[in-house]
Amino acid sequence: MEEIKINTGTSESRTLLDEPIANFSKHIPSGKKVIIITDANLRKHYENLFQPYAIIEVGLGEENKTMSTIETIMGRLVELEADRSSFIVGIGGGIVCDITGFVASVYMRGLRFGFVSTSLLSQVDASVGGKNGVNYKGFKNMVGVFNQPEFVICDLDVLKTLPRDEFIGGFAEIIKHGAIKDRNLFTFIEENCNKALAFDKEVLHRMVHDSVVIKGKVVEADEHEKGERRKLNFGHTFGHALEKLTGISHGKAIGIGMMMAAEASVKLGFLDAEDAKRLEKVIAGYQLPVQLKIDKTMLLQAMRKDKKREGEGVHLVLLKGLGTAFIHTVSYKQLEEIIYDMHCCQ
Ligand SMILES: NC(=O)c1ccc[n+]([C@@H]2O[C@H](COP(=O)([O-])OP(=O)(O)OC[C@H]3O[C@@H](n4cnc5c(N)ncnc54)[C@H](O)[C@@H]3O)[C@@H](O)[C@H]2O)c1
């Protein structure tokens, strides 16, 4: 087991990489009333490990990441007589972790909580960094809090029960971490595609480890996303809009979103076309799509509604090279020109 600490100055979170899921209760402070929040798929595979704790099950899918789910969970917490001495454990992918962190942060003004992160996307991204929240009135992650989990258990073996498509989707965020912050990691991702897709544990260990370290450092520098943390949105400003418009999965949308951001970086003269080609090859190598025909007016509208917009502009995350991202704030007029010029837009 390898421990990676993220210290924001006000709190510390420990990621426990390669800690078996069966050991999760060892990390819960003694004397606590423990309540598990999970979903039906995790229950199906691992419920025998959840005894003797109370379980609250949330529905599957993004449509359940809502305030009404939060209310239902709070109702169950009241029934279970959860109080400030209770400890909440979210066991699941990004949806369970986002919901758990939020409800644990607001119920009785905050209970202690930790995660067992069970999807690749959640291990490398969603469970790292303390952003917790739900969607609201169709806007993604519109309501939430910054609050670090005490621990995040990442057992690579649980990824074996993850549906293949979900496994593949996680690589989009790993590629993102290499592309924005670490050229060496990018090259490693590039060179180890077949091994990673074939579940080589050493390769996956390095990818999850480096992703947590990269994201952790960014979060330590800018927990509340005033500047540096925005770089983690590489591919997401376009990707979230695509996800909303087409219903494609997060990983696929981010694959295409990263290519759109790379195309914009090339067009604006920041990135070599060769580097953009390299990125495209890596994304495609991990069986993720690199383009999509989409109505450009609808895309622009959807991007205007994204909560990452601020005032009259949009913070685009662009690349100067593989491993180096920067924030480029553009007006809506400039964004329109960029989008209308893209080859993946109709
Ligand atoms: N908080 C953040 O910083 C952050 C960052 C990125 C993404 N997110 C959020 O994460 C969510 C996506 O997370 P996700 O991709 O993990 O989706 P998810 O939570 O829906 O999990 C994907 C599917 O896999 C199943 N599953 C998960 N682990 C499994 C396992 N080990 N075995 C069998 N089935 C398993 C789940 O039940 C679900 O059906 C989105 O809501 C996104 O907004 C949050």
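Read the numbers this way: they start at 1 and go in the same order the structure lists the ligands and their atoms. Along the sequence shown, the residues carry numbers beginning at 1.
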Discussion item. Assess, by modelled atom type and distance only, whether the side chains of Glu173 and His236 contain a donor and an acceptor separated by less than 3.5 Å.
Written reply: yes
Worksheet item: For ligand 1, which atoms sit closer than 4.0 Å to a heavy atom of Leu42?
Response: 26 (N), 27 (C), 28 (N), 29 (C), 35 (C)
Worksheet item: Short N/O distance, under 3.5 Å, between Arg229 and ligand 1?
Response: no
Item to complete: Step through it carefully: locate the ring centre of Phe326, locate the ring centre of Phe270, and say whether they are under 6.0 Å apart.
Response: yes
Worksheet item: What are the atoms of ligand 1, with element, lying closer than 4.0 Å to any heavy atom of Lys65?
Response: 9 (C), 40 (C), 41 (O), 42 (C), 43 (O)
Fill in: Nearest non-hydrogen protein atom, atom 12 (C) of ligand 1
Leu121 CD2, 3.8 Å
Item to complete: Output the distance between atom NZ (Lys217) and atom CD1 (Ile214), rounded to the nearest 0.5 Å.
Response: 8.0 Å
Worksheet item: Is there any N or O on Glu62 that sits under 3.5 Å from an N or O of ligand 1?
Response: yes
Worksheet item: Short list, please: which atoms of ligand 1 are under 4.0 Å from a heavy atom of Pro163?
Response: 34 (N)
Worksheet item: For residues Glu280 and Gln291, is any side-chain donor paired with an opposing acceptor at under 3.5 Å?
Response: no
Practice prompt. Decide whether an N or O pair under 3.5 Å exists between Gly94 and ligand 1.
Written response: yes
Worksheet item: Can you tell me the protein heavy atom closest to atom 4 (C) of ligand 1 and the distance?
Response: Ala126 CA, 3.3 Å
Worksheet entry | Ser331 and Gln334 side chains, donor-acceptor separation under 3.5 Å | yes
Worksheet entry | Which segment of Leu159 sits under 4.0 Å of ligand 1 when only heavy atoms are counted | neither
Worksheet item: Are any of the N/O atoms in Val158 less than 3.5 Å from those in ligand 1?
Response: yes
Discussion item. Ignoring hydrogens and geometry beyond distance, is a side-chain donor-acceptor pair present between Tyr107 and Ser86 at under 3.5 Å?
Written reply: no
Discussion item. Against ligand 1, does Gly92 come closer than 4.0 Å with any heavy atom?
Written reply: no
Worksheet item: Would you say Asn41 has any N or O atom under 3.5 Å from an N or O of ligand 1, going by distance alone?
Response: yes
Worksheet item: When only distance counts, is Asp98 in polar contact with ligand 1, meaning an N/O pair under 3.5 Å?
Response: yes
Discussion item. Are any of the N/O atoms on Ser122, whether in the backbone or the side chain, positioned under 3.5 angstrom from an N/O atom of ligand 1?
Written reply: no
Worksheet, complete the sentence: Checking heavy atoms under 4.0 Å, the part of Leu162 that sits near ligand 1 is both
Worksheet item: Short list, please: which atoms of ligand 1 are under 4.0 Å from a heavy atom of Asp39?
Response: 36 (C), 37 (O)
Worksheet entry | Ring-ring centroid check Phe186 His177, cutoff 6.0 Å | no
Practice prompt. Classify the side-chain pair Thr72/Thr69 by whether it contains a donor and acceptor separated by less than 3.5 Å.
Written response: no
Worksheet entry | From CA spacing to verdict: salt bridge (charged side-chain N to carboxylate O under 4.0 Å, His left out), Glu79, Arg76 | CA-CA 5 Å; Glu79 279 167 22; Arg76 288 282 291 130; 3.1 Å; yes
Worksheet item: How long is the span from the OG atom in Ser211 to the CG atom in Leu185, to the nearest 0.5 Å?
Response: 6.0 Å
Worksheet item: Is Lys140 near ligand 1, meaning one of its heavy atoms is under 4.0 Å from it?
Response: yes
Worksheet item: What about the rings of His315 and His328, do their centers lie closer together than 6.0 Å?
Response: no
Worksheet item: For ligand 1, which atoms sit closer than 4.0 Å to a heavy atom of Thr118?
Response: 27 (C), 28 (N), 29 (C), 30 (C), 31 (N)
Fill in: Ile95 and ligand 1 - part of the residue with a heavy-atom distance under 4.0 Å
both
Practice prompt. Give the atoms of ligand 1, by number and element, whose distance to some non-hydrogen atom of Lys215 is under 4.0 Å.
Written response: 3 (O)
Practice prompt. Go through ligand 1 atom by atom and flag the ones less than 4.0 Å from a non-hydrogen atom of Ser119.
Written response: 14 (P), 16 (O), 28 (N)
Fill in: Shortest protein contact, atom 32 (N) of ligand 1 (heavy atom only)
Thr161 OG1, 2.7 Å
Discussion item. At less than 4.0 angstrom from any non-hydrogen atom of Asn141, what atoms of ligand 1 do you find?
Written reply: 43 (O)
Worksheet item: How does Lys131 reach ligand 1, if at all, at less than 4.0 Å between non-hydrogen atoms: by side chain, backbone, both, or neither?
Response: both
Worksheet item: Below 4.0 angstrom, N of the basic side chain to O of the carboxylate: do Lys33 and Asp83 qualify?
Response: no
